[in-house]
Engineer: 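My structure is below; once you've seen it, I'll send some questions.
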Amino acid sequence: MENDKKILFSAIQPSGIPTIANYIGAIRNWLRLQDEYNCIYSIADLHCLTVEREPKDLREKSLELLALYIACGVDPQKTCLFMQSHVPAHAELTWILNTITYPGELSRMTQFKDKSRKHAQNVNMGLMDYPVLMASDILLYNTAVVPIGEDQKQHLELARDLAVRFNNKYGETFSVPEPIIPKVGARIMSLQDPLHKMSKSDANENGFISLSDDKDAVMRKFKRAVTDSGSEIRFAEDKPGVSNLLSIYSAFSGKSIAEAEKEFAGVGYGEFKLAVAEAVESVLSGIREKKKQLLADRAYLDGIMTEGAETARRLSGRMLSKVYRKVGLYTPKRDK
Ligand code: TYM
């Protein structure tokens, strides 16, 4: 991290096994930008506590997510990989940023409104404050860019607003981060309901393909995927199911949407869905195999996250000290 490359920060919640939507919306860009930036990737386990979780499951999913990052191609030699909860500055900066955040900004957030509806029995302060924790994640590292899917754009906007607001109030402190959102695949939809986004916590498992699904599940879920009326395979607003499948195909095959449309001209839905499934499976089979090997070596994964947390604590500690100084928290002079 001691070079002059800019910082890229991103994270995923271990709220389930990542889906192909997380892969297309975020991870693909992580891989593409790995050499261009100093990359920091966190496992956002503190974020996960905002809805009911089985503690044992959260622990297992967190480790599995680290294995998946690496299995997808994130290089632990080149990047900093850590668990959010291992780096106290994330929660500490959240407190400071809370003091410049207005409740109205948080209650307006689309995700807060959606999740409040979905978890009506448990609308807690953490659920509402979630975007401030996310802003802290990002702002602690002088982050220049944040690769994310469309659904996190509103949260990124808040991070930018808070950076500017803090800088105006206390003097230049934070960099203002830019989102990196893919042109195709920024919002992958459920295979069962193409009007709703694909989500790893969907109760209907047929709606998503997780990065751990086996070949049978991948083939079966695509076979059952909802398409639209008509028979043409073309990307269009009135064809949300087919357009979604074309986006997935484009992401996994590396072909453009136009090339894919040409390839499937005159082809039936059944054959088209099979081709999408095969393109996805050809990438997923490698990821599954690598993940299995990694999970068999727990000491290796523990080592990576321990080292990552040390680096993250060092970098974030510097920023937090600066913030504490700026806001007027007293620090005793130490004799050297
Ligand atoms: P999460 O865990 O819900 O999703 C991880 C990443 O996947 C993207 N994504 C999608 N992209 C395309 N289509 C979809 N249907 C889709 N669903 C999810 C998300 O936009 C995200 O990039 N709050 C974040 C995690 C987080 C974070 C951060 C991200 C915590 N701190 C700091 C960036 C920077 C979240 O819940 O993502």
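Quick caveat: nothing in here was measured; it's all calculated off a predicted structure. Quick note: residue numbers are just sequence positions, from 1. Both ligands and their constituent atoms are indexed starting at 1 by order of listing.
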Engineer: Using a strict cut-off of under 4.0 Å between a residue heavy atom and any atom of ligand 1, list the qualifying protein residues by chain and number.
Structural biologist: Phe9, Ser10, Ala11, Ile12, Gln13, Ala21, Asn22, Gly25, Ala26, Ala44, His47, Tyr130, Met134, Asp137, Ile138, Val146, Ile148, Gly149, Asp151, Gln152, Gly185, Ala186, Arg187, Ile188, Lys197, Met198, Lys200
Engineer: What's the shortest heavy-atom distance between Ile287 and Ala71, and which atoms?
Structural biologist: O-CB, 3.5 Å
Engineer: Using a 3.5 Å distance criterion without hydrogens, assess whether the side chain of Arg313 forms a donor-acceptor pair with backbone atoms of His86.
Structural biologist: yes
Engineer: Considering the options Thr101, Asn98, Asn124, Thr94, which one meets the side chain to side chain donor-acceptor pair (under 3.5 Å) requirement together with Asp129?
Structural biologist: Asn98
Engineer: Have Asn29 and Arg32 got a donor and an acceptor in their side chains that come within less than 3.5 Å?
Structural biologist: yes
Engineer: Under 4.0 Å between a Lys/Arg side-chain N and an Asp/Glu carboxylate O for Glu157 and Lys153?
Structural biologist: no
Engineer: For Glu232, does its backbone N or O pair with a side-chain atom of Lys239 as donor and acceptor, under 3.5 Å?
Structural biologist: yes
